[in-house]
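Because the structure is predicted, anything quoted here is derived from the model rather than measured. Just so we're on the same page: letters track the sequence lines, and every chain starts at 1. As a basis for the values below, the full set of heavy atoms in this structure was taken, side chains included, without hydrogen atoms, waters or symmetry mates.
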Amino acid sequence: MKKKLISLLLCSAMVASMVVGCGGGSEEAAETPAATEEAEVTEEADGELPTITFVHGYYHDESEWAAAAEMRAIYQEFADAHKDEFNFVIVADESGAEGIYNTALNDLGAGNFYDIADFGGWDITPVASAAGAIVDLKPYLDEDAAFKAGVGVCYDQNLTADGAIYSVREQIEGVGFWYNEALFAEAGAKVPSEWSTWADFNEAVDALVAAGITPFGLNAGWPTNILLAGYSQRSEASRAFYADGKAVESFDDETFKESIAFMQENVLQKIDAANFGPGGDDDEAYRTAFFDGETAMLFNGVWDAGGSVDCAAGAENIKPAVFPTDEAGKSAALLSGGCGFVVGSHLDEAQTAAAIEFIKYMTSPEIAARIIEKGIGMAPSTEVDYDALAEKVTTDDAKLLVEACRLCQNADYQALGLGNTFGDAEGEIQAKYAGLKDGSKTVDDVVAELNDFLAAAE
Amino acid sequence: MTSPKKNSLKKIFTRKNGFVLAFLLPAIILWAIIYAYPLIQIFFTSFSKWNYKNFLNPEFLGWENMFDNYIKLFTVDRNFQVALVNSLKWVVLTMCIQMPFTVIVALVLSKKPRGWKLTRNVFIIPNIISTAAIGLIFLNLYSPSRGIVTEICNMIWPGSDVSVLANPTYAFWGVTFSFILFGGSSCLLLLTQIFSIDPAIYEAARVDGANERQLDLKIRLPLMRPMIGTVSVMAANYGLLLYNEIALISQGGPDNATYSLSYYVYKTGLGSTKLNFARANAAGVIQIILGIVLVGLINKAFRTDEAD
């Protein structure tokens, strides 16, 4: 009897804990910004107005990432401004852009798709368009010049072989590089703003090495890919091969071989192993080394203006730059739109119109300026007045960001980043850096192995 | 008069059997839905064209080309070939390094030397913390700028600046050492087996003049054989299915030198913009076949199903 009573008590306690636990969870969830927004919009959604749901990955708390809160505020302002025309339901997916992509893949398997979602660079468009699940935005862009100007490079970059544009973004990856002016001065090297061609880059690297200064930190991934992509913009022939990207049938191309040889001799073999990490998301030693004042250059995007705040290298020494070319005085930058807003094709006319209205709003000059001004990133819009912005912003890092964006936007040549250009081959290319660095691979080895990859992927 | 067939059915569905069947049925249904159906699907779609272009409708390659995915794996897909060789190497290494090491540790601990409980608990720690944490620990150990491995190498070989994960040869061993010595769970099972041996057997052997080494070789090891077989199957499968360590430490690099079959399956199916599910499934089928062969061979080698 005693045992039965204890069992009964334990069971009751367990059930009670479960109920309390679940209840608490709901309360906690309701306190998060995303859940609050969701709750608000659910109430709003009760009505006869058309309703669309927008899913994004800016779920972070303001204390964790201020940009996320700003983005949510931008979305909410749109929803509020149009509350009499349609219900714009905003949902923050706490699994981020990757989670949104994975959910979309699962949904596609069941014949469903989001109303509208921001994929944050995860390219769902090939599979979603093949399944006929998404809207071609090109007709809407072609009929509205301001809209087209707002999406900037995204228009050309996201134009598919069949003449459709399935996605545009309000932010792009603007990439040049950063340098430490003091270290260049210490080495007596010409600073990047004075460079005319890549020969100046080589001279500066040699001067830095001779002065005992590590020119840059790299790894078998992102920063090295940036430099390879930047160097690939040096001549018309090289740009043409690079632009072929996913369509290249062979890497046995003279300009590509020159690029790889440059990477091996003038880049990878100029630094010691301690400054060459294995790559991957956690490998950011190259950034740390730059902001600690240990290396002279950092190959990373405009967003790293924020890294200059209170850095050991001295914020006043950090300067943005874009890549030289072999055409004296001409410069190049990487501007990658990638996959952003995608609209489901299941929406009716009114819902689709609401979704398009939202994308127009997000790519408008006002929002573009706000994105830069608030230090969120770079906007693709060609209508941004950088001079006015430079006057308007007050903090040093915001001024750096504006300057970096201006340099990228005004570069003579603008190209997609390596990943957006070569797709899966990017991973194969970056896999070769270690062998190129230690000399176990030749340029011809790399080309042969990349061609094997293409044959296997066919 | 009832027929013999009806009688045998009646026998099967006796009250006791029916009771057993009722308990087994939910498990069988779940197994069929969760394992059998996907396995069959993986097998059939490995003979199809199935990628981002026909995401919703896999297309059979036709009788003439039905093995195309398998042929490509073995002829042109270098990453698969590297993955296959690596996975087999890891199976062999777990059998040659992890298992003997674990058996020796279990034998030593079974003698209950001073501090054996602490040693046992320390030995089990890597098996109870997540592979994500293990991955981060090894990432830091191998970091060329802050890792202790580079420092030790520089002390022994000044100026070597070894970057474990940036060199294809070192990276393979870097990933291998992130799991190969962690046989804590196996050690516990082996210890349990040793402690369950009847002490009278030791007494009898000692009376006959057997020393500790002879007790290990002639009594403990033979009696541990079925359990060694079981933990060998578990360890070899871990080597064959290795994924977490690779995803966390090396992402298959450098130069794809640390690809495993599981990582290849992920990268080909979901980690690629081409979403080549058919090729990934073909690799999955090969992995399943290898796993079955491996279990069979190990069971046969250790005669795990035979009673002593």
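- Within residues 437-451 of chain A, the residues that have a heavy atom under 4.5 Å from a heavy atom of chain B are A/D438, A/K441, A/E449, listed by number.
- Residues A/A456 and B/K72 approach most closely at O-CD, 4.5 Å, considering heavy atoms.
- The parts of A/L105 that come within reach of chain B are both its backbone and its side chain, each placing non-hydrogen atoms under 4.5 angstrom from that chain.
- The side-chain heavy atoms of A/E428 and B/N79, taken from C-beta on, include a pair separated by under 4.5 Å.
- Proximity to chain B (any heavy atom under 4.5 Å) is restricted, for A/Y101, to the side chain, taken from C-beta onward.
- For B/N57, no part lies under 4.5 angstrom from a heavy atom of chain A.
- The heavy-atom pair separating A/A434 from B/A166 by the smallest distance is CB-O, 2.7 Å.
- If you measure heavy-atom distances from B/N256 to chain A, the contacts under 4.5 Å come from both the backbone and the side chain.
- Other residues, nucleotides and ligands contribute at most 12 non-hydrogen atoms within 6.0 Å of the CD1 atom of B/I148.
- From A/F453, atom CZ reaches atom CG of B/D77 across 8.5 Å, with rounding to the nearest 0.5 Å.
- With chain A as the partner, the residue from B/S272, B/G253, B/G147 showing the most heavy-atom pairs under 4.5 Å is B/S272.
- Applying the 6.0 Å contact sphere to CZ of B/F60 captures more than 12 heavy atoms from other residues, nucleotides or ligands.
- For A/K257, the NZ atom sits in a packed shell: over 12 heavy atoms of surrounding residues, nucleotides or ligands are nearer than 6.0 Å.
- If you measure heavy-atom distances from A/D272 to chain B, the contacts under 4.5 Å come from the side chain alone.
- Heavy atoms closer than 4.5 Å to chain A are found in both the backbone and the side chain of B/T273.
- Closest approach of B/Y52 to A/P126, counting heavy atoms only: CD1-CB, 3.5 Å.
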